[in-house]
There are 2 protein chains.
Amino acid sequence: MNAKKRITIYDIAERLNVTASTVSRALSNAGYVNAATKELVLKTAAELNYKRNTLASNLRMGQTKTIGVVVPRINQNFFSNVIAGIEDITYQKGYNLIICQSDEQHQKEVKCVNTLINQHVDCIVISVSADSVSYQHLQNVIDQGIQLIQFDRVAEELETLKVINDNEQASYQAVCHLIEQGYKKIALLEGPQNLNIFRQRKTGYLRALEKYNIPITDAFIVENAWTKELGAEATRKLLSLPDLPDAIFASTSDFSALGVLETATAMGIKVPAELGICGYSNEAFTEITSPSITTIDQFSVFMGKTVANLFFQEMENNDTSVTPKSISIQPELIVRSSTRRKS
Amino acid sequence: MNAKKRITIYDIAERLNVTASTVSRALSNAGYVNAATKELVLKTAAELNYKRNTLASNLRMGQTKTIGVVVPRINQNFFSNVIAGIEDITYQKGYNLIICQSDEQHQKEVKCVNTLINQHVDCIVISVSADSVSYQHLQNVIDQGIQLIQFDRVAEELETLKVINDNEQASYQAVCHLIEQGYKKIALLEGPQNLNIFRQRKTGYLRALEKYNIPITDAFIVENAWTKELGAEATRKLLSLPDLPDAIFASTSDFSALGVLETATAMGIKVPAELGICGYSNEAFTEITSPSITTIDQFSVFMGKTVANLFFQEMENNDTSVTPKSISIQPELIVRSSTRRKS
DNA sequence: TATTTTTCTGCAATCGATTGCATATTGAAA
DNA sequence: TTTCAATATGCAATCGATTGCAGAAAAATA
């Protein structure tokens with residue numbers, strides 16, 4: 001690599017017979033600088049193609065104007081949308097993003113978080129990985145005086161800023177909708193229960209059943225079915241029970257719901273007539289399957305924007321004033337063909 | 001914000017009655033350090049919860065072990081997959097990623113690139129935005145001695161490392177396939193011609209027609225139809241021509257192809273019997289539409305890995321030895337129901 | 001034991017930008 | 001003309017980690 005030496009403020013200073021101080025002041029628009037000098041500096045900087053060394057600047061200033069984001073999977077729709085939302089806001093404020101992927105592995109997550117701390121980011125935004133158990137690394141972030149914002153999948157016991165979906169309510173609504181459509185034996189595909197979001201979705205499911213006085217059937221609750229394949233497998237199992245369910249709520253994801261749909265279709269079971277299907281996330285494809293899949297929209301881009309805005313708000317009133325520590329976004333049930341039996 | 005002072009090597013040094021030099025050497029495993037001293041340093045560092053200040057380190061060392069990535073849209077499947085691929089490799093090597101989004105706007109792209117230069121990233125990976133015209137900002141990157149790697153959408157005139165898809169060949173194959181299936185009047189939905197990829201795809205289309213001695217019908221070539229909506233609109237236009245096409249190659253994206261499919265279906269035109277449809281990108285949904293859509297897989301994650309590996313290779317043999325400057329990945333035509341007329 | 005080599009540690013400079021303090025210049029007010 | 005404020009610039013320290021050089025201590029060799 002051609003490691004040419006970069007132009008620094010000293011080069012500019014030398015050329016103009018002033019000191020670096022003056023150049024610095026001219027470039028950063030701070031303090032007193034003669035108008036003519038300033039113009040000269042600016043002109044010379046442009047000529048020499050000067051680029052400020054952010055490292056040096058940040059080191060001196062003690063802040064990096066950088067936000068670190070840790071998500072389980074960058075290329076998962078929900079997360080990439082959240083990131084896009086964050087980026088939208090932070091870009092406007094002149095902040096940078098460093099993005100890390102935990103790959104759903106606790107150990108990698110810890111490593112990512114530590115790297116971000118070392119990088120002196122001003123804030124860490126995280127959605128914890130599925131196999132997280134300990135949260136020492138997050139406590140660490142707080143101890144280092146770095147703003148920590150959790151979103152979606154959060155460690156509830158940690159006192160941090162949080163942006164979450166009201167999963168329980170959304171799930172409750174979805175199941176109520178199924179019941180109102182005449183489904184009576186509703187199965188639940190649930191996700192890893194160490195994640196708050198999946199616990200909440202389960203609670204919503206149970207609450208809806210309770211409201212309508214529908215007994216809970218243990219066999220209808222299937223653990224850990226959050227990929228298309230696992231959804232398909234769960235469906236095969238459910239549909240071979242002596243007492244069949246008449247609806248399946250894939251609370252884990254739309255992919256899981258897709259697995260359900262494909263399996264049911266392959267088995268010659270009619271959706272929604274014989275089996276109702278509801279997913280979670282409002283992935284783009286849910287609209288174009290046949291039948292289209294009822295699901296829950298999480299407003300992911302908006303969620304990202306909310307996270308970023310929360311950070312900037314918190315920055316501004318650093319007077320430890322009491323700001324709401326947890327923002328809850330109301331997801332929306334999107335009813336489509338896969339659950340519509342009544343007009 | 002609680003800006004607690006962080007522990008530095010000086011704090012450790014003071015506590016142990018040695019100098020920062022020794023602490024530094026102990027922590028970075030470089031130079032001579034007494035084994036006992038080293039152990040003490042390590043122990044104390046852990047106790048005090050010391051985190052190295054990467055800013056200071058990078059400033060001194062002149063390298064950041066960071067790669068900047070600029071893409072048009074973070075949350076577009078192809079790009080988020082490429083990023084995931086890059087991340088996979090760079091993570092293993094202990095490198096960080098800074099991700100920026102140009103939003104398909106040239107001006108924002110320039111700003112992103114400049115920020116990355118300021119951040120002293122070791123490498124910039126970019127796929128240019130749709131409305132790019134000038135490439136001065138990229139020339140800048142090179143001039144600053146930063147490794148530049150272009151992928152997918154590249155400015156061909158710039159002499160940089162490139163990782164591209166063989167778009168022309170893929171497009172050629174797709175159209176040949178259509179012709180072999182008996183389609184004779186094939187329309188093309190093309191993308192912005194200032195992007196190399198769309199020019200290449202058009203060339204492939206023309207080459208295929210030529211091979212089979214099919215005359216070019218200007219009315220069958222529709223400009224700028226790269227969203228679902230634009231694809232739908234183009235389809236309405238095409239299907240109201242006096243002389244109808246019998247196939248549409250949405251060379252821009254699968255979304256465009258989806259627009260075609262939906263419009264055709266709504267108009268009561270049978271796919272693939274009356275109209276063949278081929279998309280581009282192998283988005284997840286192409287598999288689950290009915291009929292499923294023939295498309296081209298770009299191996300996006302692999303592409304990301306290739307980009308990252310290329311960077312590290314280039315790093316290692318910095319002796320300006322001649323490495324291939326351009327890697328071409330062969331995309332794969334995935335034939336599905338939307339174009340299958342013959343068994 | 002004397003000499004050379006190896007190991008250990010400290011000193012001080014460095015990376016590039018920023019900033020408090022001091023000094024110098026200019027201009028305005030008394 | 002004197003006095004004070006405002007403006008302009010320089011000096012030098014600072015942010016935290018790294019490293020070449022030098023001297024001291026320990027170990028190895030003659």
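So you know, we letter chains A, B, ... as the sequences are listed, proteins then strands, and number each from 1. Computation of the quantities below employed the complete heavy-atom set of this structure, encompassing side-chain atoms and omitting hydrogens, waters and symmetry-equivalent molecules.
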Cationic tip of Lys93(A) above Phe312(A) ring, under 6.0 Å, 45° of axis: yes
Thr8(B) (side chain) and dC15(D) (base): donor-acceptor pair under 3.5 Å: no
Nearest-angstrom distance from the residue atom CD of Glu39(B) to P of dC8(C): 14 Å
dG10(D) OP1/OP2 closer than 4.0 Å to side-chain N/O of Thr19(A): yes
Short side-chain N/O contact from Tyr50(A) to OP1 or OP2 of dA17(C), under 4.0 Å: yes
Short side-chain N/O contact from Thr22(A) to OP1 or OP2 of dG10(D), under 4.0 Å: yes
Touch class at under 4.0 angstrom, heavy-atom based, for Val18(B) against every strand present: sugar-phosphate
Nucleotide dG10(C), atom P - distance to CG of Leu16(B) in whole Å: 10 Å
dT19(C) base / Ser24(A) side chain donor-acceptor hit below 3.5 Å: no
Whether Phe151(A) and Phe79(A) hold their rings parallel, tilted or perpendicular, with breakpoints at 30° and 60°: perpendicular
Per Arg25(B) side chain, nearest of listed nucleotides dA17(D), dG10(C), dT19(C): dG10(C)
Gln147(B) versus Phe311(B), closest heavy-atom pair with distance: CG-CD1, 3.9 Å
Interatomic distance where CD belongs to Glu14(A) and P belongs to dT9(D) [whole Å]: 18 Å
Verdict with reasoning, Asn49(A) to Asn140(B), per side chain to side chain contact (heavy atoms under 4.5 Å, CB included): CA-CA 9 Å; Asn49(A) 203 8; Asn140(B) 237 311; 2.6 Å; yes
Nearest-nucleotide 5' precedence on DNA chain C, Thr37(B) against Leu59(B): Thr37(B)
Nucleotide dT19(C), atom P - distance to CG of Leu27(A) in whole Å: 13 Å
Candidates dA8(D), dA17(D), dA17(C) - which lies nearest the side chain of Asn34(A): dA8(D)
For atom CE of Met61(B) and atom C1' of dC15(C), their distance in whole Å: 12 Å
For atom CD1 of Ile7(B) and atom P of dC15(D), their distance in whole Å: 14 Å
Glu104(A) side chain vs Ser129(A) backbone, donor-acceptor pair below 3.5 Å: no
Main-chain N/O of Ala20(B) paired to Ser24(B) side chain as donor or acceptor, under 3.5 Å: no
Sugar-phosphate only, base, or nothing, as touched by Asn17(A) at under 4.0 Å among non-hydrogen atoms: sugar-phosphate
Tyr10(B) side chain, from C-beta outward: closest of dT9(D), dT9(C), dG16(D): dG16(D)
N/O (side chain, Tyr32(A)) to phosphate O (OP1/OP2, dT7(D)) under 4.0 Å: yes
Side-chain-base donor-acceptor pair under 3.5 Å for Ser21(A) and dC11(D): yes
Rounded distance in Å - CZ (Arg6(A)) to C1' (dA17(C)): 14 Å
Between P of dC15(D) and CG of Asn58(B), the distance in whole Å: 19 Å
